[in-house]
Structure formats: C-alpha cells, structure tokens
Amino acid sequence: MVSKTLVTCALPYANGSIHLGHMVEHIQTDIFVRYLRSRGDDVAFLCADDTHGTAVEISAQKKGVTPEQFIDEVWREHRRDFHDFGISYDFYSSTNSPENRRYAELIYNRARDAGFIGSKDVEQAFDETAGRFLADRFIKGECPNCGAKDQYGDACEKCSATYGPKELKQPYSVLSGQPPVWKTSKHLFFRLSRHEALLKAQLQKLGFMHPGLAAQLQQFFDKGLADWDISRDGPYFGFPIPGEDNKFFYVWLDAPVGYISSVDAWKEREGAALDYWAADADARVIHCIGKDIVYFHCLFWPSVLTVAGLKVPERVHIHGHLTVNGEKMSKARGTFINARPYLELLDPNYLRFYFASLLGPGPEDLDFSLTEFRQRVNAELVNNLGNLANRTLSLLARDKALAPADEAVGGALVREVLGRVKEIGAAYERFDHRAAIKAILEVGYAANQFLTRTEPWKVMKTDPAGAKQALSEAAEVVYLLTALLDPVVPQLANKLAAQLNRPKLTFQQLEGATYPLLDRSQPIGDPSPLIGRIEEEVVAKLVASAPPVEVAKAAPKQKVAPVAEPVAELDFADFAKVSFVAGKVLAAERVPKADKLLKLSIDLGEAAPRTIVSGIAEAYAPEQVTGRNVVVVANLKPRALKGIESQGMILTAGKGGRELVLLDPGPVSPGTAVK
RNA sequence: UGUGGGGUGGAGCAGCGGUAGCUCGUCGGCCUCAUAAGCCGAAGGCCGCAGGUUCGAAUCCUGCCCCCGCAUCCA
C-alpha cells in the first residue's frame with residue numbers, strides 16, 4: 001500500500017464554459033476523493049485548465065484580447081464553477097505556467113535523449129500575410145479529383161478523395177484568403193511505435209483500465225502505432241521546444257503534463273511533483289477521464305511517462321458521457337446546460353446526488369432526464385433521507401437531550417447499519433456510486449421503518465424514557481449518515497452534523513466502530529429541514545434558459561465544432577441552374593462498409609438509369625425505396641462515394657439519420673422536371 | 001462492414017445455473033412525529049428471438065434481430 005494518492009480529472013479546455021457534461025466527471029471524481037480522504041488516505045486532488053493551441057488563440061483574437069488574458073478569464077470562471085459545485089480540488093492550475101513548461105521540457109529532453117524523438121521534413125502551406133503555417137484544415141481549394149470548391153487540405157468532402165494539401169487547385173488560406181506558399185519545415189515525432197510491447201502489457205495490467213475499452217485499443221496495434229507529430233511551427237500559443245528554432249509543443253503534448261506540474265504549482269515547490277511522479281515514488285496516480293480521450297491517456301501518456309522515467313498511472317477510470325433527456329446535449333434543443341445557469345437555479349447537491357445515484361463503475365452514458373432528476377432527488381434525498389433526519393431530530397429537539405445508551409434494549413438498528421459501512425466504502429472506491437447510494441437509501445428505509453414501528457411520538461405520552469431511547473437510536477443513524485453521505489453531498493453532511501451539534505463522522509472513525517457512537521451526554525442542536533424539494537417550474541427553466549453561446553468542446557481539440565454559417569442568399573439565376581427531375585428508383589442495394597449509404601439505380605427518363613449513392617440507409621431499407629418516385633438533382637457534378645460514382649442527389653426532408661423522409665414528386669413519369 | 005457496450009414489468013438498474021428482484025412512477029390502505037414527508041399492500045415481466053447444453057437457464061454455448069458509442073461515412 002502506497003502512502004499517497006494523486007487523483008486528477010481531465011483538464012478542461014480553456015475555450016469554453018464548464019457544462020453538465022464536465023460535471024459528470026468532476027462530481028464522480030470528487031465523490032471518490034472525498035471518500036478516500038474520509039477513510040484517512042493522503043490524497044491530492046488536482047486539475048488545471050488546458051490552455052494551449054490554435055483554438056484558444058483564435059478565440060482570443062476574436063475577443064480582441066491576448067491569449068493570456070483570455071485563458072486567465074476562463075480560468076477564473078472554471079475555478080469558480082468547480083468550487084461552487086463543491087469539487088474539492090486542492091489546487092486548480094493551468095498548463096500555461098512556468099512549472100508546466102519546465103516539465104514539458106524535461107519530458108521532451110528525456111524522450112529525445114532516449115532516442116524517442118524523430119524528425120521528418122514536412123512540406124506545409126504557409127500564409128505569408130498571416131505569417132504562419134497552415135494546418136490542413138486552414139487551407140482550402142479545389143479538389144484535384146473532382147474539382148469541388150472550398151475543400152479542406154487533406155480530403156475532399158465531395159468525392160472523398162484523399163490527397164495532400166499541395167495537390168489542391170486554387171488553394172487559399174482560410175486566415176487571409178491569400179494563396180499559400182509552400183515551405184518545408186522540420187517536424188518532430190514521438191516514436192510511439194517503439195513502445196508497442198510495453199503498451200500491450202500495460203493495457204493488460206489488472207485494474208489499469210476497463211478491459212472492454214482496452215480491447216478496443218487493440219485496433220491501434222492492428223493498424224500499427226503511428227508516430228506522433230508533437231511539434232507545431234510558430235507562431236503558436238504554446239511552449240517553445242528547447243533546442244529548436246520557432247517550434248512549439250503541440251497542445252496535446254503539454255496538456256497531460258499539467259497532471260504533473262500542478263503538483264509543483266500547488267506546493268509552490270520545484271520538484272514537488274516527483275513525490276508522486278518519480279518512478280519509485282511512494283505514491284499512486286489515478287486519472288479520471290471520459291471515454292473520448294482513452295487513446296491519449298492509455299497509449300500515448302503511459303509511453304511518454306515511461307520514456308521520461310516517470311510513474312505510469314495505476315488506474316485510469318473511464319466514464320461515459322452525459323445525455324439530456326436521452327439525447328446528446330444540444331444547443332438547438334436547448335439541452336446544452338452550462339454549470340453556471342444550473343447553479344443560478346438549483347442547489348448543487350441535487351445534481352451531485354442525482355449523478356451519484358446513476359453512476360456505475362463502467363463507461364456507460366448516463367442520462368440527465370429532467371423528470372427523473374426531480375422525482376428521484378425529491379423521493380430519495382429529500383423525502384427518505386432528509387425527512388428521516390428531520391422527523392428524528394424534531395422529536396428530540398423538545399429538550400435536546402439523548403437517552404443514555406442501553407445496549408440491552410437498543411443498538412440493533414445501528415449495528416445493522418454499521419455492518420454495511422464497508423460495502424458502501426468499497427462501492428465508492430470502485431466508482432460504483434449508485435451502489436453506495438442504494439445501500440444508503442436502504443439504511444434510510446430501515447430507519448424510517450424503525451420509527452414507524454416504535455412510534456416514539458405516541459409512546460412519548462406513556463413511556464417517555466422508551467421513546468427517548470428509540471429516538472436516540474434513530475439519531476445514531478443520522479449521525480452515521482454524516483459519514484456515509486459526506487462524499488456525495490458534503491454540504492448536507494455538514495448540515496446534519498451541525499444539527500446534531502457534533503463534527504461529522506469519517507469512514508476512518510467508522511472502521512471497527514461499535515454501538516453507541518453518539519456521546520449521549522451531549523445535547524443535539526437545532527433541527528431544520530435538510531434541503532427543500534425541487535420544484536417542477538425550476539427544472540423547466542433549466543432547459544428553457546437560453547443556452548450559452550460558447551460551446552466547450554471537451555477534449556479533442558483537433559476536431560473543431562463546425563460553426564453554422566448563415567445561409568447565403570442565392571440569385572435566381574443561380575437557382576435556375578439547378579435541375580430538379582422526378583425519377584423512379586429501379587433498384588437499390590446497400591453499400592458495403594457504409595451504414596448510411598444506399599446505392600440506387602434511378603430512371604430519369606434518360607437512355608440509361610443513373611447511379612446515385614445516397615445517405616438514407618438508416619431510414620430506408622433497399623426494398624422500401626425500390627419503385628418509389630423521388631426528386632433528383634440531376635445536374636450535380638458526379639462524386640465518388642465509397643468508390644462508387646454518384647451521379648446526382650435525391651432530396652429528402654428531416655434532420656437525417658433515422659429521421660428522414662424521401663420527397664415524393666407524385667405520380668409523374670420519370671424525367672419530369674420539378675419546379 | 002469492423003470494434004466495444006447493451007437488450008430484464010411505464011422509467012432507471014441489480015441478478016449471471018436452482019422458486020424473477022431493487023428504486024422511481026402508478027393504484028389501494030394505514031399513520032400523523034416530520035419537508036403534503038413515513039409505513040403496509042397491490043397491479044404490472046413468457047428476462048430481444050430461435051435453437052442447444054443441463055435434472056434445472058435471465059444466467060452457459062451457437063445463430064439471428066434490435067439499440068448505443070467509436071471507426072468508415074452520410075451529394
């Protein structure tokens with residue numbers, strides 16, 4: 001058993017606000033950490049903002065501030081959000097810190113010395129106006145294959161041809177609109193492939209990660225581990241690479257380093273991190289991440305740490321994502337709920353309890369259903385547990401005195417609860433918070449039953465001592481709840497403790513504890529309702545409240561969320577160029593290896609039927625479309641999809657996927673123009 | 001199509017070889033200390049489908065269907 005534990009959450013990207021999706025991770029980890037602390041472990045709980053990269057730079061530019069100013073403001077906001085949700089970070093740092101730079105350099109230098117850094121010349125587009133190299137997605141032009149305009153530099157969205165950005169015709173920079181020039185630049189690569197055997201072994205290590213997800217990573221070995229481009233040419237918002245001229249670490253290199261450097265920042269001591277991260281440190285590291293960034297944490301990160309002579313995490317706990325009312329959080333549906341609007345409407349303990357009651361140890365998604373949220377929290381937290389405390393303490397509050405413990409009469413209920421403490425702690429430890437909550441609720445039921453059975457409010461009139469005895473035993477259970485509930489709803493545990501007029505219990509104290517736990521000579525405090533119910537109207541406001549503009553894209557920054565461009569007005573002349581024609585589907589078949597595509601043969605009244613590939617396979621089976629009349633855009637430039645040339649497009653209505661309907665021109669003969 | 005996860009009463013889940021269970025919700029009754037809380041009871045399921053193994057399968061095996069995520073991909 002090691003003496004110290006470092007626990008981290010994934011570093012939120014400094015390009016947007018904290019939302020309820022983030023909170024799933026930070027709340028469950030906070031529960032885990034609070035349990036470990038309660039049990040007496042020496043835990044450091046750290047996190048930081050991930051601040052570098054082009055996305056942040058561009059956001060800052062748009063706002064007319066420097067990147068440093070931008071991330072500083074976001075950092076304050078993030079820190080406040082987490083604080084207000086009761087996330088008990090020992091320190092919340094930033095990757096744009098001197099400590100982080102130092103460790104990024106240290107790791108890089110060690111990797112280089114170990115021969116793990118290679119270099120390769122990469123010819124890249126350069127924007128002379130903007131004075132910077134252009135990543136593939138910052139350069140557009142005409143597809144060399146099909147001539148489609150405004151295609152990105154790596155692949156054509158129209159004909160799915162892949163090519164290098166240099167092959168684009170009429171290329172232009174997205175930043176300046178000017179044609180780029182071609183420059184060769186040296187890029188540095190991390191030789192991940194050298195660690196294949198080591199990583200395979202790492203993934204097999206018991207308890208390191210979810211076995212199913214480890215199996216999924218197998219595909220990367222099958223494809224062959226690719227070496228990893230870790231350098232970007234300046235100007236780039238990040239750290240310069242030592243020994244190189246105008247080269248910077250790619251943001252994903254220095255981001256996880258934040259797990260290390262935040263220890264130094266927290267301790268305000270250079271090298272403090274090595275207490276945890278040195279290969280032989282008497283400590284363990286546990287990361288908590290979402291399933292979207294498994295690759296980085298379970299392949300790249302262990303490899304980097306190993307080559308740098310540092311400790312590989314003992315455990316990477318991977319959780320699922322949050323859906324709202326069963327669907328992905330969406331701005332359009334108003335279900336994209338940020339942390340701040342939630343806090344303005346509702347007590348954070350509700351959400352902490354609700355998430356806890358749903359969170360299992362695995363990577364399954366969990367749903368924030370508004371009705372479920374309100375019903376469960378009201379029934380379980382407020383009615384069962386909150387009311388238990390209140391009904392017990394209210395009766396006791398008449399003179400605030402407890403009965404002396406009498407083991408001959410009482411203690412059965414308390415002993416029963418004590419018998420479950422271990423199980424509850426074990427559940428918290430494996431992130432099976434819903435199992436912990438379930439057990440705690442059973443404690444609540446048992447105590448409520450006990451009160452119904454002993455009827456102290458009635459007995460009080462005939463046998464005051466007996467009633468006191470029963471109430472005091474119930475109060476013991478409430479006292480136990482101060483420890484059991486503390487990881488999930490710490491503020492409420494504090495409140496209970498205050499009403500009992502005692503400090504709250506810890507799991508450590510509960511270990512080997514026996515009845516009675518309460519010092520019966522000490523009076524209790526003033527009871528009051530623990531927490532009120534969630535009102536339906538308030539929950540409704542949660543989704544009704546205008547969703548914030550900025551969408552925080554959790555981790556993979558390389559995927560920039562597409563911004564909906566306003567639909568440009570179209571001249572009638574241009575519109576008239578489009579030829580809509582009625583057609584009849586003669587045959588349809590699925591396209592192999594594509595679950596959205598159907599290959600259709602369509603009669604347009606021409607000499608030969610057209611082949612059109614359409615993304616309707618999720619909504620229609622081949623036999624369902626055969627024989628149907630459809631509307632076809634007949635003069636669209638042909639484009640290859642999955643190697644099949646599609647000679648047109650069929651019109652559909654709906655948002656896509658399964659929700660999609662073919663437009664029917666009615667009973668007209670193939671070739672009839674549609675206007 | 002590949003890959004991972006999953007299909008158990010209205011909802012969310014547990015059970016993973018031996019009489020189908022928990023919470024929420026619904027309905028009925030009891031109680032009145034308590035935040036219109038609590039307690040008791042009821043209705044509601046051929047455990048995705050079809051085979052097989054077994055004395056016995058929700059639980060093991062085989063095949064299939066459907067859902068979700070990732071990959072591919074959606075003119």
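Lettering follows sequence order; numbering is per chain, from 1.
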Margin query: Quick check on RNA chain B: between A:L381 and A:E455, whose nearest nucleotide comes earlier from the 5' end?
Written below: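 Its nucleotide being nearer the 5' end, the pick is A:E455.
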- Item | Closest-nucleotide ordering on RNA chain B, the 5'-leading residue of A:D365 and A:L451 |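 Here A:L451 is the residue nearer the 5' end.
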Between [M] and [N] - [atom1] atom distance, rounded Å:
N     : M     : atom1 : value
B:A14 : B:A50 : C1'   : 27 Å
B:G5  : B:A42 : P     : 39 Å
B:G12 : B:G52 : P     : 33 Å
B:C16 : B:U59 : P     : 13 Å
B:C30 : B:G45 : P     : 28 Å
B:U3  : B:G63 : P     : 13 Å
B:G29 : B:C46 : C1'   : 32 Å
B:U53 : B:C27 : C1'   : 44 Å

Indicate, with a heavy-atom threshold strictly under 4.0 Å, whether [X] touches base, sugar-phosphate, or nothing.
X      : result
A:G212 : sugar-phosphate
A:I531 : base
A:R453 : nothing

Name every donor-acceptor pair, under 3.5 Å, that has one atom in a side chain of residues 202-210 of chain A and the other anywhere in the protein, sequence neighbours excluded.
unit_1: A:Q202; atom_1: OE1; unit_2: A:K205; atom_2: NZ; d: 3.2

So do the side chains of [X] and [Y] get within less than 4.5 Å of each other, counting heavy atoms only?
X      : Y      : value
A:I27  : A:I31  : yes
A:L346 : A:L351 : no
A:V459 : A:T454 : no
A:R420 : A:E442 : yes

Would you say the ring centers of A:F300 and A:Y295 fall short of 6.0 Å from each other?
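Here the rings of A:Y295 and A:F300 have centres that are no less than 6.0 Å from each other.
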For the ring pair A:F32 and A:Y428, is the centre-to-centre distance below 6.0 Å?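 Judged by ring-centre distance (under 6.0 Å), A:F32 and A:Y428 do not meet the cut-off.
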Grab the [atom1]-[atom2] distance between [X] and [N] for me, whole Å please.
X      : N     : atom1 : atom2 : value
A:H321 : B:C70 : NE2   : P     : 8 Å
A:F450 : B:C33 : CZ    : C1'   : 14 Å
A:E372 : B:C13 : CD    : P     : 9 Å
A:H210 : B:G4  : NE2   : P     : 11 Å
A:K438 : B:A14 : NZ    : P     : 10 Å
A:R376 : B:A11 : CZ    : P     : 14 Å
A:L217 : B:A71 : CG    : P     : 13 Å
A:D432 : B:A14 : CG    : P     : 9 Å

Checklist line | Neighbours of RNA chain B within residues 352-364 of chain A, by heavy-atom distance under 4.0 Å | finding: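 Contacts with RNA chain B under 4.0 Å: A:L358.
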Per-pair distances, 0.1 Å, donor-acceptor, side chain in residues 357-365 of chain A, under 3.5 Å, sequence neighbours excluded:
unit_1: A:S357; atom_1: OG; unit_2: A:Y354; atom_2: O; d: 2.8
unit_1: A:D365; atom_1: OD1; unit_2: A:K291; atom_2: NZ; d: 2.9
unit_1: A:D365; atom_1: OD1; unit_2: A:H321; atom_2: N; d: 2.7

Counting runs of three or more consecutive pairs, Watson-Crick or G-U wobble, with each distance below 3.5 Å, where are the stems of RNA chain B?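 Paired runs of 3+ in RNA chain B: B:1-7 with B:65-71, B:10-13 with B:21-24, B:26-30 with B:38-42, B:48-52 with B:60-64.
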| Can you list every ring pair (Phe, Tyr, Trp, His ring centres under 6.0 Å) pair that touches residues 444-480 of chain A, not counting sequence neighbours? |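 Residue pairs passing ring pair (Phe, Tyr, Trp, His ring centres under 6.0 Å), neighbours aside: none found.
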Requested in this report: Under the salt bridge (Lys or Arg N to Asp or Glu O under 4.0 Å) rule, what do A:K200 and A:E196 come out as? Steps first, then yes or no, please.
Outcome: CA-CA 6 Å; A:K200 274 183 173 165; A:E196 180 167 337; 3.2 Å; yes
Next item on the list: Give the ring-plane orientation class for A:H297 versus A:H287, where under 30° counts as parallel, over 60° as perpendicular and anything between as tilted.
Entry: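 Because their plane-to-plane angle is over 60°, the rings of A:H297 and A:H287 count as perpendicular.
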request  = Go through the steps for A:I289 and A:H317 under the test side-chain contact (heavy atoms from CB on, under 4.5 Å), then give the verdict.
outcome  = CA-CA 6 Å; A:I289 62 166; A:H317 177 257; over 6 Å; no
Measure the CG-CZ distance between A:L471 and A:R398 for me, rounded to the nearest 0.5 Å.
->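 Between atom CG of A:L471 and atom CZ of A:R398 there are 9.0 Å.
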Expected string for nucleotides 36-43 of chain B under the B/S/- scheme (protein heavy atoms, under 4.0 Å, primed atoms plus P, OP1, OP2 as sugar-phosphate) is SSSSS---
